[in-house]
Amino acid sequence: MWLNITIGLVALLAGIAIGFFIARKYMENYLKKNPPINEQMLKVMMTQMGQKPSQKKINQMMSQMNKLQK
């Protein structure tokens with residue numbers, strides 16, 4: 001009986017660990033393919049905040065976000 005409980009707990013913990021790593025890898029790949037913020041979104045956000053979105057500012061912000069993702 002104790003053997004069945006132990007095997008069940010080990011299988012449950014292994015399943016949780018494997019599921020976590022698979023989900024993490026999937027999300028990393030998804031975010032690489034579909035970045036959450038692009039240049040158009042930055043332009044819209046900056047105009048909503050009352051700033052004039054120059055291309056230089058947008059390029060700086062995009063490069064900072066790319067550094068943070070790596």
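Worth saying up front: this structure is predicted, and the values here are computed from it rather than measured. The basis for the numbers below is simple: all heavy atoms, side chains too, and nothing from hydrogens, waters or symmetry mates.
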Exercise. Leu42 and Met62: which non-hydrogen atoms are nearest, and at how many Å?
Worked result: CD1-SD, 3.4 Å

Problem set entry | Contacts of type salt bridge (charged side-chain N to carboxylate O under 4.0 Å, His left out), residue Glu39, not counting sequence neighbours | none

For this session: Report the C-alpha separation of Ile16 and Phe20 in whole Å, then their side-chain angles, then the decisive distance to 0.1 Å, and conclude whether the side chain to side chain contact (heavy atoms under 4.5 Å, CB included) test is met.
Result: CA-CA 6 Å; Ile16 290 171; Phe20 170 77; 5.5 Å; no

For this session: Kindly determine whether Ile58 and Met46 satisfy side chain to side chain contact (heavy atoms under 4.5 Å, CB included), including the steps that lead there.
Result: CA-CA 9 Å; Ile58 292 172; Met46 290 176 75; 4.2 Å; yes

Seminar exercise, completed: Value for CE (Met49) from OG1 (Thr47), rounded to nearest 0.5 Å, stands at 8.5 Å

Problem set entry | Point-to-point distance, once rounded to the nearest 0.5 Å, from NZ of Lys43 to CG of Asn38 | 10.0 Å

Exercise. Hey, what else clusters with Ile5 if you join Ile, Leu, Val, Met, Phe, Trp, Tyr whenever side-chain heavy atoms sit under 4.5 Å?
Worked result: Met1, Trp2, Leu9

For this session: Can you measure from CD (Gln64) to CG (Leu68) and round to the nearest 0.5 angstrom?
Result: 7.5 Å

Problem set entry | Distance (rounded to the nearest 0.5 Å) between Ile7 CD1 and Leu12 CG | 13.5 Å

For this session: Taking all non-hydrogen atoms of both residues into account, name the closest pair between Lys57 and Gln51 and its distance.
Result: NZ-OE1, 4.4 Å

